[in-house]
Amino acid sequence: KAYEKFLQLVKKQNGDVSFIENVEKYSKSKFAVEVVAKENGFVTTIDSLELGLTSISLGAGRMKVDDVIDMKAGIMLKKKVGDEIKHNEVLATFYTDNSSVLDSAKERIQKAFTIGMEKPKKEKLIRAIVDEKGVREF
């Protein structure tokens with residue numbers, strides 16, 4: 001049902017749903033680079049700011065309003081906080097047409113993942129509710 005609703009939303013905005021229904025039609029980046037873990041353990045944290053800034057360097061965002069966004073560029077996370085990881089297992093794959101950022105992007109993404117020996121405690125998804133009565137714990 002969610003997929004059908006998504007297609008409806010795309011159609012309402014005059015989007016071409018054929019790219020959703022047949023993803024092979026979508027252009028691919030020149031480079032697809034896997035970033036692997038250097039050790040065994042658990043993903044304890046992921047630095048989302050660092051990933052966002054790295055995405056900009058890949059072409060997936062802009063620093064200035066007139067920067068052009070490469071819709072093919074970005075980062076696909078393969079692991080999330082709490083996941084067990086083995087040495088050389090893929091943490092993420094990044095996509096770009098910019099060959100000059102391959103090494104720095106790989107290093108930045110690898111550093112954005114913190115690997116620890118103990119599985120982290122699961123955080124609450126919703127921590128508080130804000131309404132007319134103020135902020136209260138969920």
* How would you list, by chain and number, every residue that makes a side-chain hydrogen bond (donor to acceptor under 3.5 Å, both in side chains) with Arg136, sequence neighbours excluded? -> Asp131

* Spatial distance of atom CG (Asp83) from atom CG (Leu77) [nearest 0.5 Å] -> 10.5 Å

Please set out all donor-acceptor pairs under 3.5 angstrom arising from side-chain atoms of residues 114-129, sequence neighbours excluded.
residue: Thr114; atom: OG1; partner: Thr45; partner atom: OG1; Å: 2.8
residue: Lys124; atom: NZ; partner: Glu137; partner atom: OE2; Å: 3.2

* Structure fact -> So the salt bridge (Lys or Arg N to Asp or Glu O under 4.0 Å) pairs with at least one residue in residues 90-107 (sequence neighbours excluded) are Lys72-Asp97, Glu107-Lys111

* To do: Return the set of residues passing side-chain contact (heavy atoms from CB on, under 4.5 Å) with Lys11 (not counting sequence neighbours), or none when no residue passes.
  => Val17

* Asked: Same hydrophobic cluster for Ile56 and Leu49, using side-chain heavy-atom links shorter than 4.5 Å among ILVMFWY?
  -> yes

* Asked: Any side chain to side chain donor-acceptor pair (under 3.5 Å) pairs touching residues 23-34, not counting sequence neighbours?
  -> Ser18-Lys25

* Apply side-chain hydrogen bond (donor to acceptor under 3.5 Å, both in side chains) to Glu89 and list each qualifying residue two or more places apart in sequence or on a separate chain. => Lys79

* Asked: When rounded to the nearest 0.5 angstrom, what is the spacing between CG in Leu58 and CZ in Phe94?
  -> 6.0 Å

* Crowded around Tyr3 OH? As in, over 12 foreign heavy atoms under 6.0 Å? -> yes

* **For Lys86, all residues meeting salt bridge (charged side-chain N to carboxylate O under 4.0 Å, His left out), sequence neighbours excluded** => Glu84

* Is the CZ atom of Phe6 crowded by more than 12 outside heavy atoms at less than 6.0 Å? -> no

* Asked: Is any side-chain heavy atom of Phe42 closer than 4.5 Å to a side-chain heavy atom of Ile85?
  -> no

* **Closest approach of Val101 to Ser57 (non-hydrogen atoms, all atoms of both residues)** => CG1-O, 3.7 Å

* For residues Ala73 and Gly59, report the shortest heavy-atom separation together with the two atoms involved. => CB-C, 3.9 Å

* Asked: To which residues is Tyr95 joined in a hydrophobic cluster, defined by side-chain heavy-atom contacts under 4.5 Å among Ile, Leu, Val, Met, Phe, Trp and Tyr, whether direct or through other members?
  -> Met76

* Asked: Does the side chain of Asn98 come under 3.5 Å of the side chain of Ser100 through a donor N or O and an acceptor N or O?
  -> yes

* Residue pair Thr93, Lys78: steps toward the side-chain contact (heavy atoms from CB on, under 4.5 Å) verdict -> CA-CA 7 Å; Thr93 304; Lys78 304 294 184 171; 3.5 Å; yes

* Is there any salt bridge (Lys or Arg N to Asp or Glu O under 4.0 Å) pair reaching into residues 49-69, and which pairs are they, with sequence neighbours excluded? -> Glu50-Arg108, Lys64-Asp67

* Asked: Do Ile20 and Val10 have side-chain heavy atoms sitting under 4.5 Å apart?
  -> yes

* What's the spacing between Leu91 CG and Ile75 CD1 if we round to 0.5 Å? -> 11.5 Å

* Asked: Less than 4.5 Å apart, any side-chain heavy atom of Ile46 and any of Leu51?
  -> yes

* To do: Not counting sequence neighbours, which residues clear salt bridge (charged side-chain N to carboxylate O under 4.0 Å, His left out) with Lys12? List them please.
  => none

* Kindly write out the residues that satisfy side-chain hydrogen bond (donor to acceptor under 3.5 Å, both in side chains) with Asn88, not counting sequence neighbours, or none if the list is empty. => none

* Rounded to the nearest 0.5 Å, how far apart are CD1 of Ile109 and OG of Ser55? -> 7.0 Å

* Asked: What residues form a side-chain hydrogen bond (donor to acceptor under 3.5 Å, both in side chains) with Ser104, not counting sequence neighbours?
  -> none

* Asked: With a 4.5 Å heavy-atom cut-off, do Leu102 and Val33 have their side chains touching?
  -> yes

